[in-house]
Peer 1: 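Below: one structure in structure tokens.
Worth knowing before you read on, the calculation uses all heavy atoms, side chains too, and leaves out hydrogens, waters and symmetry mates. Here is how names work: the chains are called A, B, and so on, in the same order as the sequence lines, proteins then strands, and each is numbered from 1. Given the structure is predicted, the values throughout are model-derived calculations rather than measurements.
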2 protein chains.
Amino acid sequence: MRGKPTSLDIAHLAGVSQPTVSRALRGSPMVNEETRKRILAIAEQLNYKVDKNASGLRRQHAGTLALLLFEDPTADESHINPFFLPMLGSVTRACARHGQDLLISFQQLSDDWHAEYGDSHKADGLILLGYGDYLAYQGKLKKLVEQGTPFVRWGAVMPDQPGLSIGCDNVGGGRLAGEHLAALGRRRIAFLGDASNHYPEFLDRYRGCEDALQAAGLSLDRALQVDAESAEDSGYAAAMALLERGLPFDAVFAASDLIAIGAMHAFHERGLRIPEDVAIVGFDDIPAARIATPALTTVVQDTIRAGELLVEALVRMINGEPVDSTRLTTSLVVRKSTGAGA
Amino acid sequence: MRGKPTSLDIAHLAGVSQPTVSRALRGSPMVNEETRKRILAIAEQLNYKVDKNASGLRRQHAGTLALLLFEDPTADESHINPFFLPMLGSVTRACARHGQDLLISFQQLSDDWHAEYGDSHKADGLILLGYGDYLAYQGKLKKLVEQGTPFVRWGAVMPDQPGLSIGCDNVGGGRLAGEHLAALGRRRIAFLGDASNHYPEFLDRYRGCEDALQAAGLSLDRALQVDAESAEDSGYAAAMALLERGLPFDAVFAASDLIAIGAMHAFHERGLRIPEDVAIVGFDDIPAARIATPALTTVVQDTIRAGELLVEALVRMINGEPVDSTRLTTSLVVRKSTGAGA
DNA sequence: CTGAAAGCGCTTACAG
DNA sequence: CTGAAAGCGCTTACAG
């Protein structure tokens with residue numbers, strides 16, 4: 001036998017027809033138990049693997065999911081948001097459990113990705129991860145829906161959104177941050193992050209924090225809000241801009257840990273003490289949050305569960321089963337950047 | 001037209017035969033320029049994409065590379081070595097440039113991955129990343145070579161290794177660390193990391209450091225070497241074990257940044273000052289190295305270039321072109337953990 | 001329970 | 001330069 005064995009090779013060796021081999025291998029109930037065992041044994045011995053291309057072609061599907069990670073147009077090559085790493089791990093493992101292969105690709109929001117996958121049968125569905133301007137994104141999502149390409153995205157769950165999303169409860173997370181800072185007696189809280197409908201997740205975090213502060217008789221002063229994207233240098237710049245304004249503040253809620261860490265650099269440079277002068281809360285609990293000095297208090301998202309849900313939802317969608325958007329609960333991990341905790 | 005358009009649909013519309021469409025789309029030189037343009041225009045308009053399964057089946061290849069990331073059997077779900085993140089990004093982008101799709105998968109060293117990919121035509125070749133016991137790994141690599149599955153791995157370049165590898169110059173990197181510590185006047189240098197042939201990269205780093213110290217009239221005392229894997233808790237435990245020994249030391253060269261950061265925790269806990277009492281050098285320059293307090297002096301590997309080389313080498317190998325193992329140069333970034341730098 | 005037949009959508013000799 | 005034909009290795013009605 002030369003080259004890779006085929007189902008026909010196995011059929012010859014087992015003394016059955018090729019379709020019977022195919023049935024036996026796929027676990028069809030209409031194959032005699034004896035026959036199946038014989039076939040399985042031979043397949044095992046030859047190290048036979050079903051040809052993915054042939055099977056995919058015949059069944060008109062790929063058995064493959066594609067993970068598209070969107071990056072900031074500004075992001076330099078080496079910086080992928082570390083927040084996505086555990087999620088990627090979780091998605092990968094979940095795919096394996098579901099018997100799906102996983103294709104990954106980095107995309108610019110501007111690319112032609114919406115057409116690339118479905119039509120070529122490279123993947124049966126898409127998992128979309130990544131920050132970026134939501135309004136720019138939305139149009140593409142609509143096209144995907146029109147084309148009938150199954151997809152799930154990680155992000156804020158919103159009414160009237162095209163397609164389905166799995167996200168954390170950003171409002172709830174923001175609320176946790178606000179409650180914590182209020183309970184610590186902080187009064188003038190700054191928000192670093194773009195709080196507009198271009199970044200619905202950040203906006204929800206802002207609103208959640210605002211809710212909590214209002215419930216405590218405080219408010220989130222818009223004059224203390226500075227736009228920032230989820231990147232250290234952006235957080236640094238935002239903190240500097242905040243200081244420039246010359247308004248008093250005693251706490252910062254950063255829309256992400258990367259922003260928070262950048263801001264901490266800025267405060268250190270300017271001689272502000274954390275948490276004495278400024279308490280800081282981040283969002284995401286990336287590995288750096290624990291390592292930073294002082295260690296960063298932050299809102300934790302369950303990225304592992306998120307990855308699993310993304311895959312489950314997509315697989316169900318591909319199978320035509322009903323699926324809903326899901327919001328995952330968040331929790332707060334208190335560390336020294338707010339003067340409490342370990 | 002219902003469903004995805006096929007090349008036959010385009011043929012009808014263009015008034016040519018289906019094979020001509022195929023030729024035109026693939027840029028065959030034997031198609032009339034006019035005809036090609038007409039076909040391309042129609043294809044564009046219909047948003048036609050070549051069916052990957054059909055094309056792959058006919059051509060007997062996948063147009064896909066698989067990235068296999070090996071994890072410690074001990075590693076908990078959420079901890080992927082952050083060192084691999086930029087490499088993963090780079091591999092992904094390089095694949096896109098080479099027109100290859102990228103499948104990713106996490107594997108245990110013990111899994112049956114060596115048979116999984118080639119035979120099923122899921123991928124034309126494998127990129128292998130990950131630490132782990134090399135001796136356990138080697139057997140699988142040999143099998144891949146026997147099967148004729150094209151693969152490249154990231155790791156120490158060694159004589160007589162099965163297949164090909166791209167790695168950094170670990171000896172050179174270790175030498176940089178040793179020279180730096182010697183130049184700072186440190187005399188008793190500890191090494192944290194498994195320095196055996198189970199971990200050839202760590203062993204090379206150890207040897208490089210040893211070389212440099214000997215050149216400076218010093219030596220790397222084996223009594224100051226403690227085994228550790230590339231993980232924070234392992235580094236922490238190793239540092240504690242080192243302290244237990246009660247031998248004097250004034251510097252630590254950690255085989256990786258994760259080990260170094262774990263060790264720093266241990267030293268902080270025990271009241272040792274860094275760098276006054278112990279200078280520390282790591283390896284990898286992961287993001288946390290910059291964020292740690294004090295910031296960690298470390299040996300930098302060019303992970304971006306590494307990713308590109310891995311893909312290039314694999315693609316050439318698949319095309320039957322000659323390829324060689326490559327060792328990338330390293331550099332030292334000096335930070336406060338050795339009392340110098342910013 | 002099993003087999004003969006058709007066909008998924010391409011690519012590639014083979015003719016012309 | 002173009003077309004008719006074959007075939008990649010499966011899966012799935014259709015018969016029996």
Peer 1: Would you tell me if any nitrogen or oxygen in the side chain of Gln60(A) comes within less than 4.0 Å of OP1 or OP2 on dG9(C)?
Peer 2: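 Indeed, a polar side-chain atom of Gln60(A) lies that close.
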
Peer 1: Can you tell me how far C1' of dG16(C) sits from CE of Met30(B), to the nearest Å?
Peer 2: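 Distance check: Met30(B) CE to dG16(C) C1' gives 13 Å.
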
Peer 1: Going from CD1 on Ile39(A) to CD1 on Ile10(A), what distance comes out if it is rounded to the nearest 0.5 angstrom?
Peer 2: 8.0 Å

Peer 1: Between Lys52(B) and Asp101(B), does at least one N-O distance fall below 4.0 Å, as a salt bridge requires?
Peer 2: yes

Peer 1: Can you identify which nucleotide, out of dT2(C), dG3(D), dC10(D), has its nearest atom closest to the Val16(B) side chain?
Peer 2: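 It is dG3(D).
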
Peer 1: Return the pairing partner of dC1(C) with a 3.5 Å limit on both distances, Watson-Crick or G-U wobble; otherwise return none.
Peer 2: dG16(D)

Peer 1: Cys95(A) and Leu102(A): which non-hydrogen atoms are nearest, and at how many Å?
Peer 2: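 Of all heavy-atom pairs spanning Cys95(A) and Leu102(A), the closest is SG-CG, 3.7 Å.
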
Peer 1: Just checking Ser55(A): base, sugar-phosphate only, or nothing, at a heavy-atom cut-off of under 4.0 Å?
Peer 2: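 Sugar-phosphate, backbone atoms only, no base.
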
Peer 1: Does the side chain of Tyr48(A) get closer than 4.0 angstrom to OP1 or OP2 of dG9(D) through an N or O atom?
Peer 2: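 Checking dG9(D) against Tyr48(A), no side-chain N or O comes under 4.0 Å of OP1 or OP2.
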
Peer 1: For DNA chain D, whose closest nucleotide is more 5', that of Pro29(B) or that of Ala54(B)?
Peer 2: Pro29(B)

Peer 1: Looking at dG9(D), I'd like to know if its phosphate oxygens (OP1 or OP2) sit under 4.0 Å from a side-chain N or O belonging to Ser22(A).
Peer 2: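 Negative; the distance criterion is not met.
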
Peer 1: Looking at every strand, decide which applies to Arg26(A) at a 4.0 Å heavy-atom threshold: base, sugar-phosphate, or nothing.
Peer 2: sugar-phosphate

Peer 1: Just the rounded figure in Å: distance from P of dA6(D) to CD of Gln18(B).
Peer 2: 15 Å

Peer 1: Grab the CG-C1' distance between Leu8(A) and dG7(D) for me, whole Å please.
Peer 2: 13 Å

Peer 1: Just to confirm, is there a sub-4.0 Å distance from OP1 or OP2 of dT2(C) to any side-chain nitrogen or oxygen of Ser17(A)?
Peer 2: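 For Ser17(A), the contact criterion (side-chain N or O under 4.0 Å from OP1 or OP2 of dT2(C)) is not met.
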
Peer 1: Please lay out, stage by stage, how Tyr137(A) and Phe70(A) fare under the test ring-ring contact (aromatic ring centres under 6.0 Å, His included).
Peer 2: CA-CA 10 Å; Tyr137(A) 193 25; Phe70(A) 294 95; 5.5 Å; yes

Peer 1: Rounded to whole Å, please give me the gap between NE2 in His121(A) and P in dC10(D).
Peer 2: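 Checked: the NE2 to P distance equals 19 Å.
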
Peer 1: Is any NZ, NE, NH1 or NH2 atom of the basic residue among Arg93(A) and Glu308(A) found under 4.0 Å from an Asp or Glu carboxylate oxygen of the other?
Peer 2: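 No, this pair does not count.
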
Peer 1: On the nucleotide dG3(C), are OP1 or OP2 found under 4.0 Å from the side-chain N or O atoms that Thr20(A) carries?
Peer 2: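 Indeed, a polar side-chain atom of Thr20(A) lies that close.
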
Peer 1: Rounded to whole angstroms, how far apart are CZ on Arg23(A) and C1' on dT12(D)?
Peer 2: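 About 8 Å, once rounded to whole Å.
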
Peer 1: Quickly work out the Arg59(A) CZ to dA6(C) P distance and round it to whole Å.
Peer 2: 22 Å

Peer 1: Taking atom P of dC10(C) as reference, at what distance in whole Å does atom CG of Leu25(B) sit?
Peer 2: 9 Å

Peer 1: dC8(C) C1' sits how many Å from Leu57(A) CG, rounded?
Peer 2: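 For the pair Leu57(A) CG and dC8(C) C1', the rounded distance is 4 Å.
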
